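To start, the structure under review is shown below, and the notes come after it.
Numbered from 1 within each chain, the chains take letters A, B, ... in sequence-line order. The shown structure was predicted, so the numbers you read here are calculated from the model rather than taken from an experiment.
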Amino acid sequence: MAAKTLTINGQLISAEEDQTVLAAARDAGIEIPTLCHLEGLPDVGACRLCLVEIVGWPRLVPACVTKVAEGMEVYTDTERLRKYRRAILELIFAERNHVCSVCVSNGNCELQNLAMKLGMDHVRFEYRHPNLDVDVSHRLFGMDHNRCILCTRCVRVCWYVECAGTKNVAGRGVNSRIITDMNQPWAEAETCTNCGKCVQGCPTGALFYKGATVAEMERDRSKLEFIVTAREKKQWLV
Amino acid sequence: MVLEDLVKIKERYLAQRKKFTFRVCLAAGCVSANSEAVKEALEKAVAEAGLQNDVEVRGVGCLKLCCGGPLVAVDPLNVIYQKVTPADAPALVAALNGAEPPVAKVDLAHPYFAKQLNVVLENSGIVDPDDIESYIAHEGYRALRDALRELSPADVIAIVTKSGLRGRGGAGYPTGLKWATVAKTKSARKFVICNADEGDPGAFMDRSVLESDPHRVIEGMIIAAYAVGAEQGYIYVRAEYPLAIKRLQNAIRQARQLGLLGSGIFESPFSFNIEIRIGAGAFVCGEETALIASIAGRRGRPRPRPPYPAEYGLFGHPTLINNVETFANIPPIIRNGPEWFARIGTEKSKGTKVFALAGQVKHTGLIEVPMGITLREIVEEMGGGAPDGKRVKAVQTGGPSGGCVPASELDTPVDYESLTRLGSIMGSGGMIVMDETTRMVDVARFFVEFCMDESCGKCAPCRAGTVQMYNLLTKIRDGRATLQDLQTLEELCEVVKNTSLCGLGQTAPNPVLSTLRFFRDEYLALLKDHPAQQHQSA
């Protein structure tokens, strides 16, 4: 495979052809914040946190779906990008009911971690405080829509890794919601295989193991990595 | 079907022409004003007068001056009657002998008509949209025949490129370049899609074209398919346009019957078919990647580009996707040559543009004008300005993605670049005139509410950002906001504009930004902590 040379934040990087800017940056130890990207899942470019500046390109582009090119000059951490990322996080926090102090994922939450890392210490917008359901009908797992950020990782893991196709998105705009099967309670979703991969994929406390209480919910991504590696590289991780 | 057949159909049709023709507008606007009953009454009146052999009553497409509907044109008297009722029918028939009927006539010398230049609408209000022979009699399918039998696909693309035609959906991407890109992509399967998911509030250009002259769009699509090497086409039309759907279905069936769709068109090796896909009411499905997902049976949500549909489109195959009006421009370009087309319009914006003139303006309806005409000519001369002696305050172009052009900038020529410079866009052709009673904060709030409702919810800035924009605008409107809120709104607009995934989110702040640019005082006057407010309360 041909290699491409590019610079990220002034640092010369060599990347594989077909690699995304995000993957190339991570290989080089440059962290770009993301919420909807999860290793092994097809990318959708939805959270817009991995937007980067590329010299000569008219618009900001999501690093997760942009392929590297020879001589590309990428900037991942400019003042402008930091400002936009903080604003997007503020919007997400104001959209639903993200109350860390009572959340199962407190301390292990990607949204919380990003907010701290990017210095999002207050929210300029009015909290919407929507009245949302919690689906705890399933024997093993729960879904708290209050903490969902609609990254659709659970939908993609369900469709592309487990291939069950249970999870989906219903509604549009701010009324979008993750549903199971034909918008039934999770326990009644016949296609669900109870594999729990969606729970492993969730970045926040929206999907959790029943019985986990505040700050107890930790995720084990190695299970997903195991399957994806086995499928894509035909290697069994031990 | 060969050339001789086309000519035969044309001659037969023309030979059947009667001495007089009533052309009754049967586009959606006039139909809603009861024009179907007018047509029936005219047929009855003609029969009662025993004039069946001398008078034809023809249902036609849009006669353009929608505010005067139902409209009836009479040939060869060259008059159009407006606000015709079924009871007027006998008087109109009697008037064929030169009598003066008690029905108001449209002033055809008025700038509303005199300044129009009809390319896309050349058959609108003339041909019977339900009769393919009527279209053929007006040079229909002649361009297709010439393209298939006398031009190579590369020739067709060269002609379209040379004409300077740009996409009429709003963004103005060069059509020839798009066609060439799809043509160059190597793939066993390719698709052509006509985007008829017109959704801007107040816009009805594409609907009118489809209702008035559906064959023109079909012909344009077949020519495009030949140029890029596609065998299957789709027309994605919104369910809210039942009449357009009915006429398209009928037109496709008639074209199949004559062998103009199907295999071996005009006895060439080229085959092409068209199917209709009906949209389920999502504005975002006018965005090309969402539209393609919707045709494929998936949720209508946009995806990041690249890859563009030209490389990776419907079912993963290269796909050419153009707007209704773009396809409707193709037959006359092939027939009259690219030089003819390129002579119309400005240096960078060639040809004409169809606008739906609506809002607080005397004459509302459909207009087609050469690019480069000023907004003032459209609004004040053609539209006659605001009614009831009020002054025009602003013109909104481009729908929810566009902006408000203030009255002081009305001398701006209508072309892609000039409107963009003013913070608006050409858009697909909606043009809403607002008079001095309009409050600009309300206008911005209306369009932001529209975008909020229509946001698909995929990307965070558009989904969560439009809601906050709407909340802030509501707060400003209600007089609860501070300068700080206004600043937050402006910062938010910048974020949503620069970080959203698709055109809907990227342009959703435009109505706010353009009203802030030209009517900032109106925002400031509503703020709690604005000096003027404090003065009033003190």
Side-chain angles (χ1 to χ4, degrees), chain A residues 20 34-36 42-53 57-67 69 80-81 83-96 111 123-128 130 148-152 155 159 168-178, chain B residues 280-285 289-290 293 298-307 449-472 474-475 480-481 484-485 487-506 508:
Chain A
T20 63
T34 63
L35 277 176
C36 66
D43 280 304
V44 287
C47 73
R48 316 306 284 174
L49 287 168
C50 72
L51 288 180
V52 293
E53 289 179 32
W57 290 36
R59 297 196 63 90
L60 304 175
V61 291
C64 64
V65 293
T66 305
K67 297 267 190 286
R80 177 173 169 226
L81 289 172
K83 190 173 82 179
Y84 290 170
R85 284 174 189 150
R86 276 197 299 271
I88 293 169
L89 285 176
E90 284 176 61
L91 288 171
I92 292 175
F93 269 96
E95 188 182 16
R96 293 194 173 183
L111 180 63
V123 172
R124 280 168 289 177
F125 311 112
E126 263 176 48
Y127 286 92
R128 294 184 57 249
C148 174
I149 58 166
L150 293 166
C151 66
T152 68
V155 176
W159 282 81
N168 224 320
V169 187
R172 69 181 185 213
V174 82
N175 300 316
S176 302
R177 245 163 37 90
I178 302 293
Chain B
F283 176 69
V284 78
C285 283
T289 59
R298 299 199 306 273
R299 248 176 98 78
R301 286 185 144 189
R303 61 161 177 81
R305 300 174 301 180
E449 183 179 16
F450 181 87
C451 289
M452 173 181 78
D453 287 340
E454 295 295 343
S455 166
C456 77
K458 180 171 180 173
C459 77
C462 175
R463 182 186 71 229
T466 49
V467 176
Q468 296 292 350
M469 281 162 62
Y470 176 75
N471 288 350
L472 286 163
T474 307
K475 207 170 162 187
R480 293 183 285 118
Q484 180 64 47
D485 289 315
Q487 196 193 330
T488 305
L489 176 65
E490 290 188 280
E491 287 165 1
L492 179 58
C493 284
E494 189 198 334
V495 173
V496 174
K497 186 180 173 134
N498 288 304
T499 64
S500 291
L501 191 157
C502 81
L504 193 156
Q506 288 162 10

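Within the 4.5 Å cutoff, side-chain heavy atoms of R301(B) are placed close to those of T152(A). With contacts defined as side-chain heavy-atom distances shorter than 4.5 Å, the pair R299(B)/V169(A) qualifies. The shortest side-chain heavy-atom distance between R172(A) and E454(B) falls under the 4.5 Å cut-off. When side chains are defined from C-beta on, R128(A) counts as touching Q468(B), because their heavy atoms get closer than 4.5 Å. Between L91(A) and L492(B), the closest side-chain pair of non-hydrogen atoms falls below 4.5 Å. Annotation: side chain of V467(B) is not in contact with side chain of E95(A) (no heavy-atom distance under 4.5 Å).
Heavy atoms only, all atoms of each residue included: T488(B) and R124(A) are closest at CG2-CB, 4.1 Å. The heavy-atom pair separating G45(A) from L501(B) by the smallest distance is O-CD1, 3.2 Å. Nearest approach of I88(A) to V495(B), heavy atoms of both residues: CG1-CG1, 4.2 Å. Heavy atoms only, all atoms of each residue included: S176(A) and C456(B) are closest at OG-O, 3.5 Å. Residue A46(A) comes nearest to P461(B) through the heavy atom pair O-CD, 4.5 Å, listed as atom of the first residue, atom of the second, then distance.
For I149(A), the part lying near chain B is the backbone, with the side chain staying farther off; criterion is any non-hydrogen pair under 4.5 Å. For L51(A), the part lying under 4.5 angstrom from a heavy atom of chain B is the side chain only. Heavy-atom distances place no part of K67(A) under 4.5 Å from chain B, backbone and side chain included. Only the side chain of E491(B) comes within contact range of chain A, with at least one heavy atom under 4.5 Å from a heavy atom of that chain. Neither the backbone nor the side chain of R96(A) comes within less than 4.5 Å of any heavy atom in chain B. S500(B) touches chain A through its backbone: at least one of N, CA, C or O sits under 4.5 Å from a heavy atom, while the side chain does not.
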Could you please spell out the steps behind the side-chain contact (heavy atoms from CB on, under 4.5 Å) verdict for K458(B) and L150(A)?
CA-CA 8 Å; K458(B) 180 171 180 173; L150(A) 293 166; over 6 Å; no
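In this structure, I92(A) CD1 and R463(B) CZ are separated by 6.5 Å, a value rounded to the nearest 0.5 Å. The CZ atom of F125(A) lies 10.5 Å from the CG atom of D485(B); values are rounded to the nearest 0.5 Å.
Ranked by heavy-atom pairs under 4.5 Å with chain A, the list N498(B), V284(B), N471(B) is led by N498(B). Contacts with chain A were tallied for P306(B), A464(B), G300(B), C462(B); A464(B) has the most, counting heavy-atom pairs under 4.5 Å.
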